[in-house]
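Side chains are part of it too, since the values below use all heavy atoms of this structure and drop only hydrogens, waters and symmetry mates. This is a predicted model, so every value here is computed, not measured. Order of the sequence lines sets the chain letters (A, B, ...), proteins ahead of strands, with each chain counted from 1.
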Protein chains: 2
Amino acid sequence: MVRRTKEEAARTRSRIMDAAVDVFFDRGVANATLNEIASQANVTRGAIYWHFKNKLDVFDALNDRLQLNFADTILADLRNDHPHPLLQLERMCADLLIDLENNLDKFKVLSILFLKSDYTGEMEPYLDLQNARKKQSIELFSEYFARAKKHKHLLADVDTRVLSMALLSYITGIVVDYLRDPGSLVMREHAPKFMRLFFRNLG
Amino acid sequence: MVRRTKEEAARTRSRIMDAAVDVFFDRGVANATLNEIASQANVTRGAIYWHFKNKLDVFDALNDRLQLNFADTILADLRNDHPHPLLQLERMCADLLIDLENNLDKFKVLSILFLKSDYTGEMEPYLDLQNARKKQSIELFSEYFARAKKHKHLLADVDTRVLSMALLSYITGIVVDYLRDPGSLVMREHAPKFMRLFFRNLG
DNA sequence: GATTATACATTCGTAGTTGTTTGTTTTCGA
DNA sequence: TCGAAAACAAACAACTACGAATGTATAATC
């Protein structure tokens, strides 16, 4: 059995990536071997080397597929003017956290990005990439908070840039703590409380 | 040259650990080889295998030496009653963050624990250990906040447990974001602002 | 319907790492 | 002071994973 149709080949490729998610999650990116990924995907290493250059290239593909771009997801929702923009943001952040609990794939991929990669050597550029994306998010939030301030929805004395950095770090921390110990809290219950704590004093 | 005195042997051991910090930081725990650690410490692998069982055992020793126990460091300071306990806590957290900027060794070790380890396979127990320590910290903070609430320093309607979890996650996030991109902020300036944002609405 | 390129499987050589063993020298304890 | 063990260095053996090369059967193309 060889030489599948193009569609089958594409499915093979995505099966390899799915397998990579599992293996990276279970064994860490550095420890994961192409053999493990191959057998998890029910192919041989040959198939992986056909579709990808090497392990890093697989990671690269995963990175693309994830679209960790908070920005894109959030921006769309932020575009339309909401009567109470801060509340809107608060809800969105909570939903984003709760989604981690329901979406196993997102949980695994975020685990890979935050816990299972060391970003040394050839992987360093991917950290830079994530940091660049984060800067984008900061700018986005800053602008958003600035608008809220103009509309008197936000206290005038807060530094919007510091505020958005703080919010993003807050979310990062909640995510990381959750990934490191998923049993320690129930997102559906805790996320709204966490967010309330942060937003209660801004209005 | 062999068979040093006991003191010299102890120094060799700690030199190996120092080297391990550098190598783990630069290459990640999983990618780091004992050869790299050895040459960084100006010894051979034989020396490492004399002092440690294997790479994991070196990591274990590092884990012990760090005493990431926020608890111990903080507990001592929290013991004595402060006129304004929340302000005290706020300052302490800020100082803790600022220390990251000045103390390179702490920066590296925290990087190793948060970014350079995947905690898979044999390393899993160390994540459990850290999570257990974190639970301790939560309990500690909870109790502390509860005291503050009794003294009317804290709003009565906040859940102290959720509050301490939130604070710890907040700190985790700031730390992780800083470790991932140290150039993005200056702790001496930002840490007090971050903390002020969190504490301003509690009193 | 022959040819070519595709989509893999299989095999191979190699470099790197690990754990172990052996060797050597010096310090410590009796 | 004299063995015994400490504190390593050096050599060895085994495995593993990688990358590349090769093989091969089928789909696409004409």
Side-chain angles (χ1 to χ4, degrees), chain A residues 1-62 112 116-118 120-123, chain B residues 1-62 112 116-118 120-123:
Chain A
M1 52 350 200
V2 267
R3 176 59 185 181
R4 318 295 174 79
T5 172
K6 293 219 177 213
E7 298 150 24
E8 275 185 292
R11 249 176 287 150
T12 299
R13 186 188 141 95
S14 90
R15 262 175 45 229
I16 291 174
M17 289 173 63
D18 292 340
V21 170
D22 286 339
V23 175
F24 285 165
F25 177 78
D26 287 337
R27 306 243 314 134
V29 176
N31 288 309
T33 76
L34 292 182
N35 248 330
E36 290 169 338
I37 297 175
S39 63
Q40 172 78 16
N42 283 339
V43 295
T44 64
R45 270 173 56 244
I48 298 181
Y49 274 104
W50 172 254
H51 287 285
F52 305 95
K53 196 181 163 193
N54 50 30
K55 191 168 74 176
L56 194 73
D57 198 35
V58 178
F59 180 84
D60 185 67
L62 284 185
I112 292 171
K116 312 292 189 173
S117 312
D118 51 29
T120 63
E122 319 256 2
M123 287 194 65
Chain B
M1 63 316 222
V2 269
R3 174 59 187 183
R4 317 297 173 76
T5 171
K6 295 222 174 210
E7 297 151 24
E8 275 184 289
R11 250 175 286 151
T12 299
R13 187 187 142 96
S14 91
R15 263 175 46 229
I16 292 173
M17 289 173 64
D18 292 339
V21 170
D22 287 339
V23 175
F24 285 165
F25 178 78
D26 288 337
R27 307 243 312 134
V29 176
N31 289 308
T33 75
L34 292 181
N35 248 331
E36 291 169 339
I37 296 175
S39 63
Q40 172 78 15
N42 283 338
V43 294
T44 63
R45 271 174 53 246
I48 298 181
Y49 273 103
W50 170 253
H51 287 286
F52 304 95
K53 195 181 164 192
N54 50 30
K55 192 169 74 175
L56 195 73
D57 198 36
V58 178
F59 180 83
D60 184 68
L62 285 185
I112 293 171
K116 312 293 187 172
S117 310
D118 52 29
T120 62
E122 319 255 3
M123 286 192 67

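- In this structure, B/Thr12 reaches the D/dC8 phosphate: one of its side-chain N or O atoms is under 4.0 Å from OP1 or OP2.
- For A/Trp50, no side-chain nitrogen or oxygen approaches OP1 or OP2 of C/dC8 to under 4.0 Å.
- Atom pair B/Asp57:CG and C/dT18:C1' shows a separation of 15 Å (rounding to whole Å applied).
- When all heavy atoms of A/Ala19 and A/Gln40 are compared, the closest pair comes out as CB-CG, 3.5 Å.
- Between B/Leu62 and B/Phe24, some side-chain heavy-atom pair lies under the 4.5 Å cut-off.
- Less than 4.0 Å separates DNA chain D from at least one heavy atom of each of the following residues of residues 33-42 of chain A: A/Thr33, A/Leu34.
- Both A/Gly46 and A/Arg27 lie near DNA chain D, and the one whose nearest nucleotide falls closer to the 5' end is A/Arg27.
- Between B/Ile16 and B/Thr12 there is a side-chain heavy-atom pair separated by less than 4.5 Å.
- Here B/His51 does not reach the OP1 or OP2 of D/dA7: none of its side-chain N or O atoms lies under 4.0 Å away.
- Counting heavy atoms from C-beta outward, B/Trp50 and B/Arg13 have side chains that stay 4.5 Å or more apart.
- Note: CD (B/Glu8) to C1' (C/dT26) measures 11 Å, nearest angstrom.
- Tested against A/Val58, the residues A/Ile48, A/Val29, A/Val23 include a single side-chain contact (heavy atoms from CB on, under 4.5 Å) partner, A/Ile48.
- One interatomic measurement links the two molecules: CZ of A/Arg45 to C1' of D/dA17, which rounds to 7 Å at whole-angstrom precision.
- Considering only the side chain of A/Thr5, D/dA28 comes nearest among D/dA28, C/dC8, D/dA6.
- Listed nucleotides: D/dC8, C/dC8, D/dC18. Nearest to the side chain of A/Lys55: D/dC18.
- With contacts defined as side-chain heavy-atom distances shorter than 4.5 Å, the pair A/Ile112/A/Phe59 qualifies.
- A close approach under 4.0 Å does not occur between any side-chain nitrogen or oxygen of B/Tyr49 and OP1 or OP2 of D/dC8.
- Of the possible donor and acceptor atoms, one in the side chain of A/Thr33 sits under 3.5 Å from a partner among the backbone N and O of A/Glu36.
- Nucleotide C/dA7 holds its P atom 12 Å from the CD1 atom of A/Ile16, rounded to whole Å.
- Axis orientation changes by 10° from one end of the helix from C/dG1-D/dC30 to C/dA30-D/dT1 to the other, with each end axis drawn from 5 pairs and the value rounded to 10°.
- Between A/Asn31 atom CG and D/dT16 atom P there is a gap of 15 Å when expressed in whole angstrom units.
- Closest of all the heavy-atom pairs between A/Met123 and A/Ser117 is CE-CB, 3.8 Å.
- Interatomic distance, CG of A/Asp60 versus CG of A/Asn54, reported as 9.5 Å (0.5 Å rounding).
- For A/Leu56 and D/dA17, the CG to P distance is 18 Å, given to the nearest whole Å.
- Across the protein-nucleic acid pair, B/Glu7 atom CD and D/dA6 atom P stand 17 Å apart, rounded to whole Å.
- Residue A/Arg15 contributes atom CZ, which lies 8 Å from atom P of C/dC8 at whole-angstrom precision.
- Between B/Leu34 and B/Tyr49 the shortest side-chain heavy-atom distance falls below 4.5 Å.
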